[in-house]
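Chain naming here is simple, since letters A, B, ... match the order of the sequence lines and numbering starts at 1 in each.
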There are 2 protein chains.
Amino acid sequence: MARGSQTEAAVLGVLSVQSVTGYAVREAIRDVLGHFWSESFGQIYPTLAQLEHDGLVERSHGERAGSSVYAITVAGRDRLVELLRQPDHPAPPRSGLMLRLFFGNALGVDACRGLIRHARVTAEEQLETFQAIRDELASDAATREHHPYWLLTISAGEHTARAVLDWADESLESLTALEPNEPGTRAT
Amino acid sequence: MARGSQTEAAVLGVLSVQSVTGYAVREAIRDVLGHFWSESFGQIYPTLAQLEHDGLVERSHGERAGSSVYAITVAGRDRLVELLRQPDHPAPPRSGLMLRLFFGNALGVDACRGLIRHARVTAEEQLETFQAIRDELASDAATREHHPYWLLTISAGEHTARAVLDWADESLESLTALEPNEPGTRAT
DNA sequence: TCATTCATGTAAGTGGTTACATGATTCA
DNA sequence: TGAATCATGTAACCACTTACATGAATGA
């Protein structure tokens, strides 16, 4: 899947579940796909315009003045499947946390501990969020045919978060064994 | 940390371990930081030129004709610590796998199974790679002060890979319970 | 001698973010 | 009435990738 088509797929995907405004597409991507996907305004509106031009979505008047509701067409559904079938070209990894830890000898062991603790807290918060999403899903019958798939992504998030928890505990343990060698410590 | 400075940090970091050519910086980033970081040629050479201009690295003649070896300066070490201390602004998540699974109802359950199996295989291969790196590290005494930190990143990779394994097994199980509803299946 | 690796750089293109500009509607 | 939210769009900018261009050294 060419990089640009990923946005197309995400937007078509949202519209395949429900017809909404461009603004709501962005909200859905942020709130529902948020733990594994993101799109900015600057991408969504031009993409919607392109999709309309290609006959993959249709635009109708929204309830508010000037607002548009987009609905996916039959051709749009075909296109969505076509896009989803294309191979994934994952972006090269770039973890700022790992970069800092890798050069932890320069950064100093205390700063490393802080980074790991922070990652742990974030993972804990994520687990709570995932539980909340599970609860919400359980009471949403309208989209029940999607739930088995949506749960897959939630479960992936949970597994990853728990892995971070385990890793953080192990890592904090292993760093306590280290003498407080702090090459990077200076008064600021 | 501003986005551009991350490249600066990665390059300075590599040079803080050993003085090498630009080509070798790229190799180190690809082979050693590869599981959590990446830089392309187009980034490394301009960054090295900038770092030299700022007095953070020094250039000397390499063994080969026309080749340059870069060495980090004292100011460069200070700058590295400064960069590593800056807060991390993680790139927004973009998992093509999760996007496809989330819209699995459109893609079809068989294609989803294929994606998950593929992710599982990749995770298995990664675990083997990590073991190989562990073995290599154990026999490299020259960089021993870095090892506690380098092991942190390897361990993180292993935890993540094992999480994928568990998630994949669970997910494949959960999908077998699903009737073979295949909206996305068409002859191509 | 010929392919591969080592080595350095530039230029064009892309995918994406951020900020800007505008205005209606809702609700406190 | 005024702040927050809903809503649509554009323009500038940025980091990064890919492809290109070049050539020396190594080793089969």
Side-chain angles (χ1 to χ4, degrees), chain A residues 1-11 14-15 19-31 33-34 37-53 57 59-70 83 86 88-96 99, chain B residues 1-11 14-15 19-31 33-34 37-53 57 59-70 83 86 88-96 99:
Chain A
M1 192 183 286
R3 256 333 194 290
S5 335
Q6 304 244 117
T7 297
E8 219 180 307
V11 171
V14 169
L15 294 177
S19 299
V20 284
T21 65
Y23 187 88
V25 168
R26 182 253 199 167
E27 282 199 315
I29 290 175
R30 188 192 57 197
D31 299 339
L33 316 188
W37 201 260
S38 84
E39 296 290 348
S40 59
F41 268 132
Q43 293 277 98
I44 290 173
Y45 283 112
T47 298
L48 280 170
Q50 184 61 44
L51 289 173
E52 191 194 9
H53 176 263
V57 303
R59 191 179 187 147
S60 59
H61 293 289
E63 287 181 10
R64 277 161 171 258
S67 78
S68 307
V69 171
Y70 292 89
L83 287 171
Q86 286 177 33
D88 182 21
H89 302 299
R94 266 178 153 230
S95 163
L99 187 72
Chain B
M1 189 183 287
R3 264 317 203 293
S5 335
Q6 306 243 117
T7 297
E8 219 180 307
V11 171
V14 168
L15 294 177
S19 300
V20 284
T21 63
Y23 187 87
V25 168
R26 183 253 197 169
E27 282 200 314
I29 289 176
R30 189 192 56 197
D31 299 339
L33 316 188
W37 202 260
S38 83
E39 296 290 349
S40 59
F41 269 131
Q43 293 277 98
I44 290 172
Y45 284 111
T47 298
L48 280 169
Q50 184 60 45
L51 289 172
E52 190 193 11
H53 176 264
V57 303
R59 190 179 188 146
S60 59
H61 293 287
E63 287 182 9
R64 276 161 172 258
S67 77
S68 307
V69 171
Y70 293 90
L83 287 171
Q86 286 178 31
D88 181 21
H89 303 298
R94 269 181 151 229
S95 163
L99 187 71

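- Contacts of A:R64 classified as side chain to side chain donor-acceptor pair (under 3.5 Å), with partners at least two apart in sequence or in another chain: none.
- With sequence neighbours excluded, no residue satisfies side chain to side chain donor-acceptor pair (under 3.5 Å) with A:R30.
- Following rounding to the nearest Å, B:R26 (CZ) and C:dT5 (P) show an atom-to-atom distance of 12 Å.
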For nucleotides 9-13 of chain D, give me every protein contact, N/O to N/O, under 3.5 Å, one pair per line with atom names.
| residue | atom | partner | partner atom | Å |
| --- | --- | --- | --- | --- |
| D:dG9 | OP1 | A:R59 | NH2 | 2.9 |
| D:dG9 | OP2 | A:R59 | NH2 | 3.1 |

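- At whole-Å resolution of the value, CD in B:Q6 and P in D:dT17 are 12 Å apart.
- In this structure, B:S67 does not reach the C:dA7 phosphate: none of its side-chain N or O atoms is under 4.0 Å from OP1 or OP2.
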Trace of the side chain to side chain contact (heavy atoms under 4.5 Å, CB included) decision for B:V14 with B:E27: CA-CA 10 Å; B:V14 168; B:E27 282 200 314; over 6 Å; no

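- Look at CH2 on B:W37: it is 10 Å from P on D:dT17, rounded to the nearest Å.
- Rounded to a whole Å, the CD atom of A:Q50 is 15 Å from the C1' atom of C:dG15.
- Distance alone, capped at 3.5 Å, places no donor-acceptor pair between the A:R26 side chain and the A:S40 backbone.
- What separates CD of B:Q43 from P of C:dG15 is a distance of 17 Å, to the nearest Å.
- End-to-end axis angle for the helix from C:dT1-D:dA28 to C:dA28-D:dT1, using five pairs per end and rounding to 10°, comes out at 30°.
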If the sugar-phosphate is the primed atoms plus P, OP1 and OP2 and the base is the rest, what is the B/S/- string for nucleotides 22-28 of chain C, using protein heavy atoms under 4.0 Å? --BSS--

B:L48 vs B:L15, side chain to side chain contact (heavy atoms under 4.5 Å, CB included): CA-CA, chis, key distance, verdict: CA-CA 10 Å; B:L48 280 169; B:L15 294 177; 3.9 Å; yes

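- To the nearest angstrom, P of D:dA7 lies 12 Å from CZ of A:R30.
- The backbone N or O of B:A24 sits less than 3.5 Å from a side-chain atom of B:T21, completing a donor-acceptor pair.
- Side-chain nitrogen and oxygen atoms of A:T21 include none within less than 4.0 Å of the OP1 or OP2 phosphate oxygen of D:dC6.
- In terms of phosphate contacts, A:T47 brings no side-chain nitrogen or oxygen within less than 4.0 Å of OP1 or OP2 of C:dG16.
- The B:T7 side chain lies nearest to D:dC16 when the options are D:dT17, D:dC16, D:dC6.
- Partners of A:Y23 by ring-ring contact (aromatic ring centres under 6.0 Å, His included), not counting sequence neighbours: none found.
- Taking OG of B:S19 as the reference point, atom OH of B:Y70 lies at 12.0 Å (rounded to 0.5 Å).
- Considering only heavy atoms from C-beta on, B:E63 stays 4.5 Å or farther from B:V69 through its side chain.
- Separating the NE2 atom of B:H89 from the P atom of D:dC14 is a distance of 16 Å, rounded to the nearest angstrom.
- A 4.5 Å side-chain heavy-atom check between A:Q43 and A:E8 finds every atom pair outside the cut-off.
- Side-chain atoms of A:I29 and A:I44, non-hydrogen and from C-beta on, do get closer than 4.5 Å to each other.
- B:L48 places its CG atom 13 Å from the P atom of C:dA7, with the value rounded to the nearest Å.
- Considering only heavy atoms from C-beta on, A:Q6 comes within 4.5 Å of A:D88 through its side chain.
- Distances shown here put every side-chain N or O of B:Y23 at or beyond 4.0 Å from the OP1 or OP2 atom of C:dT8.
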